[in-house]
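Here the structure comes first, spelled out in structure tokens, and everything after it is commentary.
Below, each value reflects all heavy atoms present in this structure, side chains not excepted, and no hydrogens, waters or symmetry copies. No experiment lies behind these values; they were computed from the predicted model shown. Order of the sequence lines fixes the chain letters, A, B, ..., with proteins taken first and strands second; residue numbering starts at 1 for each chain.
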2 protein chains.
Amino acid sequence: MAHQTINDNTLVESLFELFRSRGYEGATLALLSEVTGLKKSSLYHRFPAGKYDMAKAVVLHISAQLHNLVIEPLINSKEAPKKRFNNMVATIKAFYCDGNKNCILNVLSLGEAKAEINALLNKDYNDWLAALIKLGKEVGMNQQEARKRSERFLVAVQGALVIQRLTNNAKTFKNSMEDEQKLFFSQKTG
Amino acid sequence: MAHQTINDNTLVESLFELFRSRGYEGATLALLSEVTGLKKSSLYHRFPAGKYDMAKAVVLHISAQLHNLVIEPLINSKEAPKKRFNNMVATIKAFYCDGNKNCILNVLSLGEAKAEINALLNKDYNDWLAALIKLGKEVGMNQQEARKRSERFLVAVQGALVIQRLTNNAKTFKNSMEDEQKLFFSQKTG
DNA sequence: GTCTATATAATGATAGAC
DNA sequence: GTCTATCATTATATAGAC
């Protein structure tokens, strides 16, 4: 066997960047081959079930990152809740390249017949949501209010990414996150 | 010449529904043919430049609807501002089928090399934004605050649609819109 | 494990009959 | 204006050499 020219992690990261910029159908094998530097047949060697396998591997990889870099620190770090929330915002800002890159939750949930992948994406969302709700309750919100604010935050993340892609206005994501940071912890008003 | 079996309006509406559910790449000619009931060659007769032409026609069609059903009533109706805002929310709720259908601004702005279409989508967003800002100022906001709240609302629309698609939770869009309605007109807090 | 070469199916697009 | 038939290209996928 010839030696592996690209390790699993780098490989999946390359696939990920293409999938999130072009979506599932837009990420053709020719492009996947190009961005990874591996010929198509080599991709099939690493992912026997083909493109669907690659997308699934990407989702699992991102899922792990979400848990390690976002959810875990959000729940378990010793920092104050507000600080943990701010850390999360900083993390996702980097992850989305200041709002210039798409979220895989959006682009891979488009279209049809990707049941397994959709289930994974749904779970990621719910886990992230649960972590935010936990933090909300920690700062005194009741379940209902914590859920409402957490959902609002995640809606804002996805929406800001869409609008920034649409307008090419680099401030959209940044401004939204600053806004939502304040709103999440704000006092209720009538 | 044989008679036209589907009028322009119905035709574009059918194309639109497919494009918004599958995205540009996901809307293949085979599917476009299927949903319109026209053979591929007939589609080419109606849209000589092919698929790109169809997408452009769809965007122009939706653009007109946005102006007629959303923007115009938002700016010019004799109703009170709050009532006009509520009417807009009702209109888009119907348009997105209670949040169960995608926004073309999201799904068609994915991917590459659709300059003309992206420009049209960008313009639609900006026109809608301008109308909301105008309304905000009408109820006493300064330019900065009106823009901020208007952007927040449109971010919420796009975000809620993404999250509802992701979770299949039919309440997401509805709840978001109720939330944002209140937030748009709320008193500023610290 | 990666490659070249190839198979097979689908895609976007045309030609020409009616 | 729509259709059947066909084209060229690209897509996903496989076989087999090294």
Side-chain angles (χ1 to χ4, degrees), chain A residues 1-59 61 107-108 110-117, chain B residues 1-59 61 107-108 110-117:
Chain A
M1 314 173 188
H3 72 292
Q4 201 182 59
T5 57
I6 179 174
N7 67 43
D8 285 351
N9 201 66
T10 311
L11 177 54
V12 174
E13 286 279 345
S14 304
L15 299 174
F16 162 62
E17 287 299 340
L18 189 71
F19 273 116
R20 81 156 148 180
S21 86
R22 316 276 296 225
Y24 187 82
E25 281 83 6
T28 65
L29 283 178
L31 286 169
L32 290 162
S33 167
E34 190 182 316
V35 299
T36 57
L38 284 180
K39 297 294 175 182
K40 288 186 268 183
S41 50
S42 302
L43 285 174
Y44 276 93
H45 179 80
R46 307 279 282 265
F47 303 95
K51 185 174 167 177
Y52 192 84
D53 246 19
M54 300 180 212
K56 212 168 69 181
V58 161
V59 171
H61 178 76
V107 304
L108 280 192
L110 233 191
E112 291 295 300
K114 293 187 287 255
E116 224 175 336
I117 285 177
Chain B
M1 314 172 186
H3 71 290
Q4 201 183 61
T5 57
I6 178 175
N7 67 45
D8 285 352
N9 201 66
T10 312
L11 177 53
V12 174
E13 286 279 345
S14 304
L15 298 174
F16 162 63
E17 287 299 340
L18 188 71
F19 274 116
R20 81 157 148 180
S21 86
R22 317 276 298 226
Y24 187 82
E25 282 83 5
T28 64
L29 283 179
L31 286 169
L32 290 162
S33 167
E34 189 181 317
V35 298
T36 57
L38 284 180
K39 297 294 175 183
K40 288 189 270 183
S41 50
S42 303
L43 285 174
Y44 275 93
H45 179 80
R46 308 279 282 265
F47 304 95
K51 185 173 168 178
Y52 191 85
D53 246 19
M54 300 181 214
K56 212 168 68 183
V58 162
V59 171
H61 177 76
V107 303
L108 282 192
L110 234 190
E112 291 296 301
K114 293 187 286 256
E116 223 175 336
I117 286 177

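- In this structure, CG of A:Leu18 is placed 11 Å from P of D:dT12, rounded to the nearest angstrom.
- Taking the side chain of A:Lys39 as heavy atoms from C-beta on, and the options D:dT4, D:dT12, C:dT4, the nearest nucleotide is C:dT4.
- The listed nucleotides are D:dT14, C:dG12, D:dG1; the one nearest the side chain of B:Tyr44 is C:dG12.
- Contact between the side-chain N/O atoms of B:His45 and the OP1/OP2 oxygens of D:dG1 is found at a separation under 4.0 Å.
- When rounded to the nearest whole Å, the span between CG of A:Asp53 and P of D:dA13 equals 10 Å.
- Counting heavy atoms from C-beta outward, B:Lys51 and B:Phe19 have side chains that approach closer than 4.5 Å.
- In this structure, of C:dG1, C:dC3, D:dG1, it is C:dC3 that holds the atom nearest to the side chain of A:Ser42.
- Within 4.0 Å of A:Lys51, counting heavy atoms only, lie sugar-phosphate atoms of the nucleic acid but no base atom.
- Along DNA chain C, the nucleotide closest to A:Ile6 and the one closest to B:Ala27 are compared, and the more 5′ of them pairs with A:Ile6.
- The separation between B:Arg46 atom CZ and D:dC3 atom P is 10 Å, rounded to whole Å.
- Cation-pi check for A:Lys114 over A:Tyr52 is not met; the charged atom does not lie both under 6.0 angstrom from the ring centroid and within 45 degrees of its normal.
- Side-chain contact between A:Phe47 and A:Leu11 is present, with heavy atoms from C-beta onward closer than 4.5 Å.
- The interatomic distance linking B:Leu38 (CG) with D:dT4 (P) rounds to 12 Å, in whole Å.
- Checking D:dT2, D:dA13, C:dG12 against the side-chain heavy atoms of A:Lys40 singles out D:dA13 as nearest.
- Listed pair B:Ser41 / C:dT14 fails the phosphate criterion, with no side-chain N or O lying under 4.0 Å from OP1 or OP2.
- B:Leu32 has its CG atom 8 Å from the P atom of C:dG12, to the nearest Å.
- One can place CG of A:Leu29 at 17 Å from P of C:dA9, the figure rounded to the nearest angstrom.
- Inter-residue side-chain proximity for A:His61 and A:Asn9 is flagged as met; some heavy-atom pair is nearer than 4.5 Å.
- Closest approach of A:Ser14 and A:Thr36 over heavy atoms only: CB-CG2, 3.9 Å.
- Of the two residues near DNA chain D, B:Gly37 and A:Ala49, the one whose nearest nucleotide lies more 5' is B:Gly37.
- The interatomic distance linking A:Tyr52 (OH) with D:dT12 (C1') rounds to 16 Å, in whole Å.
- Taking 4.0 angstrom as the limit, A:Thr5 places a side-chain polar atom (N or O) nearer than this to OP1 or OP2 of C:dT2.
- Looking at heavy-atom distances under 4.0 Å, A:Thr28 makes contact with sugar-phosphate atoms alone, never a base.
- Between B:Glu34 atom CD and C:dA10 atom C1' the separation is 14 Å, expressed in whole Å.
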